[in-house]
Amino acid sequence: MAPHLVLLPLSTSPHRPLHPFPFNPPSTSTASRAGFSGFSVIISSSSNGRDKDGVRLREQKRRAELSARIASGRFTVPQSGFPFVLKKSLSKLGMPEGILDFLFGRMDGLRENPIIPEAKGSIKAIRSEAFFIPLYELYLTYGGIFRLTFGPKSFLIVSDPSIAKHILKDNSKAYSKGILAEILDFVMGKGLIPADGEIWRVRRRAIVPALHQKYVAAMISLFGQATDRLCKKLDAAASDGEDVEMESLFSRLTLDIIGKAVFNYDFDSLTNDTGIVEAVYTLLREAEDRSVSPIPFWEIPIWKDISPRQRQVASALKLVNDTLDDLISICKRMVDEEELQFHEEYMNEKDPSILHFLLASGDDVSSKQLRDDLMTMLIAGHETSAAVLTWTFYLLAKEPSIMSKLQEEVDSVLGDRFPSIDDMKKLKYATRVINESLRLYPQPPVLIRRALENDVLEGYPIKRGEDIFISVWNLHRSPELWEDADKFSPDRWALDGPNPNETNQNFKYLPFGGGPRKCVGDMFASYETVVALAMLVRRFNFHLALGAPPVEMTTGATIHTTEGLRMTVTRRMKPPIVPSLQMSNFDANPSLSISDKDALSQKSEAGLAP
Ligand code: HEM
């Protein structure tokens with residue numbers, strides 16, 4: 001049975017009160033290897049109206065309890081052996097800690113098999129919040145690599161850039177997707193995310209070329225058109241004075257985009273709740289629930305037949321699979337009828353989807369594998385982008401000065417028209433806002449691997465079969481690696497500097513992973529989120545809704561809010577019109593500005609348009 005212990009459904013408030021984390025000196029000299037020095041972490045405060053003090057007090061109490069548990073040694077396996085007893089005795093005799101650390105640190109270095117610092121505990125100890133939060137606090141105590149043990153099961157938690165680089169890049173062949181592949185098997189099969197070994201190599205080689213530059217550029221107009229549909233919804237809400245729940249709207253926006261982009265299917269989920277949209281959400285929720293369930297019920301044979309939930313999952317899976325099979329057949333027919341001249345940047349103008357590219361390329365693959373790959377991209381490219389937009393708008397709502405600076409840029413670059421590929425270079429600040437949002441809310445917050453062979457991580461020997469969580473959350477918020485780590489500050493990235501990525505940030509910043517398994521949709525996702533962000537903030541102001549529940553985090557594959565992101569949306573005054581009306585390749589009516597298009601679509605609704 002796959003171990004699912006650590007990923008329990010947990011939530012906590014990102015509105016963290018001002019709270020100095022009581023730094024515990026590392027309990028083993030090995031922690032100092034990870035570069036520890038005495039510091040305290042100041043966690044910034046925020047407000048969301050109602051219940052602020054209650055949340056703050058609860059949070060303070062919870063944190064004090066956790067700190068006390070860590071300080072009590074409850075998570076710590078006592079060290080044994082002569083050096084430890086000697087060190088303790090010398091310490092009691094009053095020898096300064098610095099000298100002891102120096103002496104015993106050297107002895108540790110000479111030992112053949114240094115022991116990884118170990119945090120031991122009951123699952124209940126971290127059950128009350130999003131699991132990566134206690135991992136962060138344990139990281140502050142135990143350092144860049146430590147073992148987290150629950151009963152017979154243990155995980156290595158990695159929060160050190162050079163160890164992350166070793167696992168993801170330098171020795172990536174020695175690691176598989178482990179637990180992740182087991183959990184996602186029912187929905188992604190051998191798709192690109194869970195696949196390992198030869199299947200992964202072959203599929204990666206087939207899929208990466210499909211996301212070529214011309215394709216991504218063509219997608220910009222799709223992003224614009226989909227966001228325009230969302231703008232219309234928000235326009236109506238602004239007129240009616242109704243608050244909106246942005247997280248679910250972003251989820252629908254990115255579902256509509258990824259459906260068209262991957263297999264040319266219009267879910268139209270921003271307008272309709274069709275059976276297929278519901279089926280996709282049933283599968284997404286099931287994948288997330290399985291990844292956070294302590295017991296894999298779904299592996300019990302009879303359970304599948306008697307559990308109404310599992311029966312619902314099975315029928316959702318059938319509906320989505322049948323739909324994908326139909327889309328594959330339709331696309332095959334299109335390709336057969338096409339006068340095909342396949343080349344590197346091939347793209348069918350009517351159907352620029354990834355599926356069309358794969359079939360046109362002569363990709364020799366079973367329908368099941370193709371379906372697994374499409375499903376993988378649907379899931380990978382949907383919730384991630386939605387989560388990035390959700391947390392970006394949350395951060396912006398709390399920082400009006402950053403929002404104003406962003407709106408200023410968007411007004412001057414875009415004026416009243418849809419973004420084009422050329423604008424992507426010009427929307428520099430918008431890009432930095434997304435870069436910074438991805439630092440504070442990485443999606444997913446943890447990368448999962450399993451060692452396929454024995455290895456050595458920063459001097460620590462580890463065994464084949466070890467399950468490893470690389471905590472991107474810890475890397476991105478480490479006070480050792482970042483100044484004002486918890487502060488939302490897009491200006492930390494120079495406007496004219498390179499786009500930050502894992503390579504130029506030496507693996508302390510991993511928004512899209514790194515090494516051979518890096519995200520294939522990084523450029524797609526960056527443009528998608530910048531286009532949506534720019535178009536939305538240009539037309540509207542966003543505020544956290546008065547009286548809304550506090551925005552708290554919960555974890556699935558990505559970081560969700562517990563009760564949504566309720567916002568009040570108001571129309572902005574019209575920005576100045578910039579004369580250039582250049583549109584991206586695939587817009588049917590390239591000379592129109594957004595207001596022209598609005599007028600046309602209103603006429604069309606009234607039956608006036610040609
Ligand atoms: C902001 C949005 C996105 C974020 C933050 C994101 C993040 C990531 C990360 C961190 C990984 C590495 C996972 C690991 O190493 O375990 C990954 C892999 C992947 N992503 Fe994305 N992603 C995003 C959007 C997309 C989109 C739009 C697509 C498809 C069009 C996509 C397709 C994939 C695939 C197929 C993989 C697996 C690659 C492999 O294992 O070879 N992602 N993504």
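As the structure lists them, so they are numbered: ligands from 1, and atoms in each ligand from 1. All values derive from a computational prediction rather than experimental measurement.
For Glu345, the CD atom counts as densely surrounded, since its 6.0 Å shell holds more than 12 non-hydrogen atoms of other residues, nucleotides or ligands. Heavy atoms from other residues, nucleotides or ligands lying under 6.0 Å from CE of Met424 number more than 12.
Residue Pro442 does not touch ligand 1, judged by heavy-atom distances below 4.0 Å. Contacts between Val388 and ligand 1, counted as non-hydrogen atom pairs separated by less than 4.0 Å, involve the side chain only.
The shortest N or O to N or O distance between Gln443 and ligand 1 is not under 3.5 Å. Between Arg204 and ligand 1, at least one N/O pair is under 3.5 Å apart. Residue-to-ligand polar distances place Arg449 within reach of ligand 1: an N/O pair is separated by less than 3.5 Å. Checking only distances, Thr529 never comes within under 3.5 Å of ligand 1, N or O to N or O.
Of all the atoms in ligand 1, the ones that sit under 4.0 Å from a non-hydrogen atom of Trp200 are 39 (C), 40 (O), 41 (O). Residue Lys177 approaches ligand 1 through these ligand atoms, each under 4.0 Å from one of its heavy atoms: 14 (C), 16 (O), 40 (O). For ligand 1, the atoms sitting less than 4.0 Å from at least one non-hydrogen atom of Pro511 are 5 (C), 7 (C), 10 (C), numbered in the order shown with element in parentheses. Remark: ligand 1 atoms within the under-4.0 Å shell around heavy atoms of Phe524 are 27 (C).
Selection from Ile258, Thr254, Asp196 by nearest heavy atom to atom 30 (C) of ligand 1 gives Ile258.
Of the protein's heavy atoms, Arg517 O, 3.8 Å lies nearest to atom 12 (C) of ligand 1. Regarding atom 13 (C) of ligand 1, its nearest protein heavy-atom neighbour is Leu447 CD2, 3.9 Å.
At a cut-off of 3.5 Å, with distance as the only test, no side-chain donor of Asp491 or Ser489 sits close to an acceptor on the other residue. A donor-acceptor contact closer than 3.5 angstrom links the side chains of Asp423 and Ser420. A donor-acceptor contact closer than 3.5 angstrom links the side chains of Ser353 and Asp351. Side chains of Thr561 and Glu247: a donor-acceptor N/O pair is present below 3.5 angstrom, by distance only.
Residue Arg203 places every heavy atom at 4.0 Å or more from ligand 1. Not a single heavy atom of Glu528 sits closer than 4.0 Å to an atom of ligand 1.
When each of Leu495, Asn499, Thr529, Leu533 is checked for a side chain to side chain contact (heavy atoms under 4.5 Å, CB included) with Thr431, only Asn499 meets the rule.
The closest donor-acceptor contact from the side chain of Arg517 to the backbone of Leu192 lies under 3.5 Å. Under a 3.5 Å cut-off, the side chain of Lys169 and the backbone N or O of Gly514 do not form any donor-acceptor pair.
For the pair Arg290 and Phe186, the cation-pi criterion (under 6.0 Å, within 45° of the ring axis) is fulfilled. Both tests pass for Arg477 against the ring of Tyr441: distance under 6.0 Å to the centre and angle within 45° of the axis.
Residue Lys190 comes nearest to Asp372 through the heavy atom pair N-OD2, 3.0 Å, listed as atom of the first residue, atom of the second, then distance. Minimum heavy-atom separation, Cys231 to Met535: SG-O, 4.2 Å.
Distances from atom 21 (Fe) of ligand 1 under 2.8 Å pick out these protein N/O/S atoms: Cys519 SG.
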